[in-house]
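Predicted, not measured: the structure shown is a model, and the values here were computed from it.
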2 protein chains.
Amino acid sequence: MTSHFNTKERILHAAEDLFAQHGFAGTSLRQVTSRADVNIAAVNYHFGSKENLVNEVFKHRMDDMSEKRLSALAKAVENDPNDLEGILLAFIQPALALTLDRHGGAFVRVLARAYAEKNDGLRNFLSENYGQVLREFAKAIAHCLPQLSKEELYWRMDFVAGALTYAMADFGLIKRQNGVSEKAHCEKAAQHLIRFAKAGLQA
Amino acid sequence: MTSHFNTKERILHAAEDLFAQHGFAGTSLRQVTSRADVNIAAVNYHFGSKENLVNEVFKHRMDDMSEKRLSALAKAVENDPNDLEGILLAFIQPALALTLDRHGGAFVRVLARAYAEKNDGLRNFLSENYGQVLREFAKAIAHCLPQLSKEELYWRMDFVAGALTYAMADFGLIKRQNGVSEKAHCEKAAQHLIRFAKAGLQA
DNA sequence: GTCTATAGCGAGATAGAC
DNA sequence: GTCTATCTCGCTATAGAC
């Protein structure tokens, strides 16, 4: 399976899985190279350092997700700038899509974990990129809800992002039922979340 | 400041701060004992192992917060079983109170971090205890919103818990303004969150 | 109950052959 | 570009003096 990829890609995939499972500090490069079935020295050859590997794992998925979010947002706004549900879907759908991807599912937990890491520079790097995307959505949502103050809007968007992160990472009470496919579970999650977030934003 | 406490308590407080800042795997016992100004051997004398220290740090605050939540819930329900806002406040207030505590503020991030740790046994221990408290709240909220299916209720409570965790841990777009006291910031957070969560639950 | 000292291990990183 | 071998460091944990 992994043997279709070259050394660098195998390291990236193995690291993504392990970071999701054990965190950044909790994962050793030895674990990564062992799972990727490459030599221990390869990671320093290709990435220079562990810290650099962490950043690359991140950038890879974040760039992809942000791009999908922004293009979905542009399409939704062009279609109907007052369709709050469409805008929310543009925000939620790309995150959802990740959980259906073989390796992306791990990344969702990596993402949640990164939010829990407070000072590590990774967090700053993240909030800069991710922050810009959030501001685009804020603009679109503000257009739908002109009565909302900017402060109130930002609070509520934080709540939506929190609910999304939490639900996507599969914390909490809700567990996927045995009879339900992962895809169906995620679609249900999106549907519930959009309904909830829409009502909360309109409060 | 810390010298008012004995060795064991100093270790607990130092560990709480550092776990919040660097995570569990990212914090060494040497950092802990150095900050607590106790000898490196003291932690193994008092706690046996690092893993045990992690659990104790957790149990200490969780027991306290769960107790406060449940007693506030009992009071709210006794006062008016249909007061959804009162029930939400009982859920949110004790988490809020922690962020105003000298050491509790760190714990909120420790908590968020624990949710991001998926397989480490700590997560199971947590979901068992915390899960019971959540189910009590689910019962009370279900009474206020009898038209909601159990599944829908659980989804929405997950979203509320996510929004709370995210907001409390100070992720996201919203930053405390320089002119605003921490206490005022938290009260505003609670006020916004209750409004948002109430509307979302009633959707 | 608290110290010093150290055992024993696994980490990240690198040098240099191939 | 990938390997083996190894350096150096910091970690958890413990033994034993006080």
Side-chain angles (χ1 to χ4, degrees), chain A residues 1-60 110 113-114 117 119-123 125, chain B residues 1-60 110 113-114 117 119-123 125:
Chain A
M1 191 57 181
T2 50
S3 55
H4 300 157
F5 302 103
N6 63 26
T7 298
K8 195 169 174 179
E9 281 168 331
R10 288 217 304 279
I11 292 173
L12 276 173
H13 285 155
E16 196 167 38
D17 285 349
L18 289 166
F19 287 161
Q21 219 168 104
H22 309 293
F24 308 116
T27 300
S28 72
L29 293 186
R30 295 178 127 85
Q31 288 174 282
V32 172
T33 53
S34 157
R35 170 174 297 213
D37 202 29
V38 302
N39 190 270
I40 171 71
V43 75
N44 277 292
Y45 175 77
H46 285 288
F47 298 93
S49 70
K50 182 181 179 176
E51 192 183 339
N52 225 307
L53 172 61
V54 171
N55 288 341
E56 296 264 343
V57 164
F58 242 87
K59 200 168 152 37
H60 177 228
V110 174
R113 201 176 267 277
E117 317 246 339
N119 289 318
D120 290 334
L122 176 62
R123 159 118 171 95
F125 158 83
Chain B
M1 192 54 181
T2 51
S3 55
H4 300 158
F5 302 103
N6 62 25
T7 297
K8 195 169 173 178
E9 282 167 330
R10 289 217 304 279
I11 292 173
L12 276 173
H13 285 155
E16 198 167 36
D17 285 349
L18 289 166
F19 288 161
Q21 218 168 106
H22 309 294
F24 306 117
T27 301
S28 72
L29 294 185
R30 293 176 126 84
Q31 288 174 282
V32 172
T33 54
S34 158
R35 171 176 296 214
D37 203 28
V38 302
N39 189 272
I40 171 70
V43 76
N44 277 292
Y45 175 77
H46 285 289
F47 298 95
S49 69
K50 182 181 180 176
E51 191 183 340
N52 224 308
L53 172 61
V54 170
N55 288 340
E56 295 264 341
V57 164
F58 241 88
K59 201 170 152 33
H60 176 228
V110 175
R113 201 177 268 277
E117 318 245 338
N119 288 318
D120 292 332
L122 175 62
R123 157 118 172 96
F125 158 82

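- Checked for salt-bridge contact, A/R35 and A/D17 meet the test: a charged N lies under 4.0 Å from a carboxylate O.
- Put simply, CG on A/N44 is 15 Å from C1' on C/dG16, counting in whole angstrom units.
- Contact check, A/T7 against D/dT2: a side-chain N or O comes under 4.0 Å of OP1 or OP2.
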* Asked: Could you write nucleotides 4-11 of chain C as a row of B, S and -, 5' to 3', where a protein heavy atom under 4.0 Å of any base atom gives B, of only sugar-phosphate atoms gives S, and otherwise -?
  -> B------B

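- Rounded to whole Å, atom P of D/dG1 lies 10 Å from atom NZ of A/K8.
- Looking at residues two or more places apart in sequence or on another chain, you find a side chain to side chain contact (heavy atoms under 4.5 Å, CB included) between B/T27 and B/L18, B/F19, B/H22, B/Q31, B/V32.
- For B/E56, the side chain to side chain contact (heavy atoms under 4.5 Å, CB included) criterion is met by B/L12, B/F47, B/N52, not counting sequence neighbours.
- Under the side-chain hydrogen bond (donor to acceptor under 3.5 Å, both in side chains) criterion, A/K8 pairs with no residue, sequence neighbours left out.
- Nearer the 5' end of DNA chain C, as judged by each residue's closest nucleotide, is the contact made by B/V38, out of A/G48 and B/V38.
- What separates CG of A/L18 from C1' of C/dG12 is a distance of 16 Å, to the nearest Å.
- Summarising the geometry, the separation between CG on B/N6 and P on C/dT2 is reported as 8 Å, rounded to the nearest angstrom.
- Qualifying side chain to side chain contact (heavy atoms under 4.5 Å, CB included) partners for B/T7, counting only residues two or more places apart in sequence or in other chains: B/I11, B/V38, B/A42, B/H46.
- No donor-acceptor pair closer than 3.5 Å links the side chain of A/K50 to the backbone N or O of A/V43.
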